[in-house]
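What you are looking at is a predicted structure, and each value in this text was computed from that prediction instead of being measured.
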Amino acid sequence: MMITIKLPNFFKSSSFIALKSRMGIDKNTYGSFGNSQAERNRVKLETIGIEVENISDIVPLDDYTLTYNGERIIVYIRDVNQYNNEVKLPKFHVANCKTLQQMIKDGRKRRYVVSKNTENSFHLNFISGNSVKKEDHALSVCKNCLEILRWDGYSQGWNSEKKDECVSYFQIRNFFSKYPMSLIDKKGFSDKSSSFNQYSNDWNNISHIYKKSQKWVCEQCGVNLIHSKPLIHTHHINGQKNENDDSNLMALCVCCHVSQPMHDHMLNIPDIDSSIKEVLKIRKRQNIICN
């Protein structure tokens with residue numbers, strides 16, 4: 001048996017119009033379920049964050065930053081276990097770093113929360129046995145994220161004090177200023193309509209000038225290759241080959257260049273092995289020790 005329910009005409013319903021008036025809503029204002037859902041998600045992203053069950057919903061870009069539903073986000077773990085009143089706070093992630101990749105590989109993906117909150121205040125669940133305490137807490141950025149982004153020149157070659165200083169000065173607002181939440185740039189290009197990621201026609205000249213400005217010294221390990229110039233390359237920090245501002249360039253020896261994330265393809269370059277061995281010899285002569 002089919003039951004038919006006749007709904008009132010909400011455009012003309014006096015009781016509905018009166019209710020909107022008491023709520024401070026103009027009588028000619030109407031919304032939609034879809035828009036309200038999108039608005040709720042937007043508010044959650046900018047405040048408490050959204051729990052992500054399917055890690056494939058978090059998509060890394062060529063510049064290593066992370067996106068969710070077409071917008072850049074940060075990622076953190078909400079559940080924090082307490083043992084003997086001791087708490088080890090998680091780090092938050094701004095890039096597809098090796099730590100995040102390993103944790104995902106280990107199957108810890110249901111614990112992640114994506115957020116666009118620009119304040120360093122994260123909603124955490126502190127779990128001790130069967131007790132759960134919800135609390136807002138400040139977190140530190142992941143050092144491996146800073147390394148892969150080369151944030152403020154961050155390098156594994158730095159001492160612990162300098163690394164910690166870079167972490168302490170990191171501001172989420174500054175991160176989103178450099179890597180905007182929206183993937184639509186100032187020229188109206190998106191990830192689908194932007195120009196091809198190709199070297200510019202004058203790349204060789206740009207690369208030479210930049211390496212010369214760095215005096216043919218690797219910015220990561222410090223090896224001086226002024227007498228072996230073919231062994232030093234110019235690396236694009238964010239992976240975009242057509243973005244040639246000095247802030248996006250880095251002079252790297254062959255060894256350091258090959259070790260960059262997503263640069264395994266360089267191992268297929270002819271004579272790459274002999275180039276690596278030559279750099280290692282020069283490092284040894286210059287008393288440079290790398291991990």
Does [atom1] in [X] sit with more than 12 non-hydrogen atoms of other residues, nucleotides or ligands closer than 6.0 Å?
X	atom1	result
Asp202	CG	yes
Asn159	CG	yes
Glu135	CD	yes
Lys178	NZ	yes

Approximate separation, where rounding is to 0.5 Å, of [X] [atom1] and [Y] [atom2]:
X	Y	atom1	atom2	result
Thr234	Lys212	OG1	NZ	13.5 Å
Ile77	Phe92	CD1	CZ	13.5 Å
Leu280	Arg285	CG	CZ	11.0 Å
Thr67	Ile73	OG1	CD1	6.5 Å
Leu252	Lys211	CG	NZ	11.0 Å
Lys134	Arg78	NZ	CZ	7.5 Å

Taking [X] for the side chain and [Y] for the main chain, is one N or O donor matched with an acceptor at less than 3.5 Å?
X	Y	value
Asp152	Tyr154	no
Tyr210	Leu249	yes
Asn248	Glu243	yes
Glu71	Met181	no
His93	Val75	no
Asp57	Asn69	no
Ser228	Leu225	no
Thr118	Arg173	no
Thr65	Leu61	no
Asp245	Ser247	no

At their closest point, which heavy atom of [X] faces which heavy atom of [Y], and how far apart are they?
X	Y	result
Val254	Ile276	CG1-CG1, 3.8 Å
Ile148	Ala95	CG2-CB, 3.6 Å
Lys215	Asn224	O-OD1, 4.2 Å
Lys163	Trp158	CE-O, 3.3 Å
Leu149	Tyr64	CD2-CB, 4.2 Å
Ile288	Cys221	CG2-O, 3.5 Å

Any chain of hydrophobic side-chain contacts (each under 4.5 Å) joining [X] to [Y]?
X	Y	answer
Ile237	Ile206	no
Val94	Tyr179	yes
Ile209	Ile232	no
Val258	Ile282	yes
Tyr112	Val59	no

Testing Gln220, Arg283, Glu278 for side chain to side chain contact (heavy atoms under 4.5 Å, CB included) with Cys253, which one passes?
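The residue from Gln220, Arg283, Glu278 that satisfies side chain to side chain contact (heavy atoms under 4.5 Å, CB included) with Cys253 turns out to be Arg283.
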Look at the rings of [X] and [Y] and say which category their plane angle falls in: under 30° parallel, 30 to 60° tilted, over 60° perpendicular.
X	Y	value
Phe122	Tyr76	perpendicular
His235	His257	perpendicular
Phe175	Phe170	tilted

So, do [X] and [Y] sit near enough that their side-chain heavy atoms are less than 4.5 Å apart?
X	Y	value
Val141	Trp151	no
Leu146	Val167	yes
Asp164	Lys143	yes
Asp63	Arg72	yes
His236	Asn244	yes
Asn144	Gln156	yes
Asn174	Tyr169	no

Walk me through it: do Tyr68 and Lys116 pass the test side-chain contact (heavy atoms from CB on, under 4.5 Å)?
CA-CA 10 Å; Tyr68 175 77; Lys116 295 196 304 181; over 6 Å; no
side-chain contact (heavy atoms from CB on, under 4.5 Å) between Lys241 and Ser200: does it pass, once the steps are laid out?
CA-CA 8 Å; Lys241 300 173 184 177; Ser200 59; over 6 Å; no
Out of His208, His233, His227, which residue meets the ring-ring contact (aromatic ring centres under 6.0 Å, His included) rule with Trp216?
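Testing Trp216 for a ring-ring contact (aromatic ring centres under 6.0 Å, His included) against His208, His233, His227 leaves exactly one candidate, His208.
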Does Leu100 form a side-chain contact (heavy atoms from CB on, under 4.5 Å) with Cys142? I'd like the steps, not just the answer.
CA-CA 9 Å; Leu100 186 61; Cys142 167; over 6 Å; no
Kindly indicate, with the supporting measurements, whether the criterion side-chain contact (heavy atoms from CB on, under 4.5 Å) is fulfilled by Val223 and Leu231.
CA-CA 10 Å; Val223 64; Leu231 298 178; over 6 Å; no
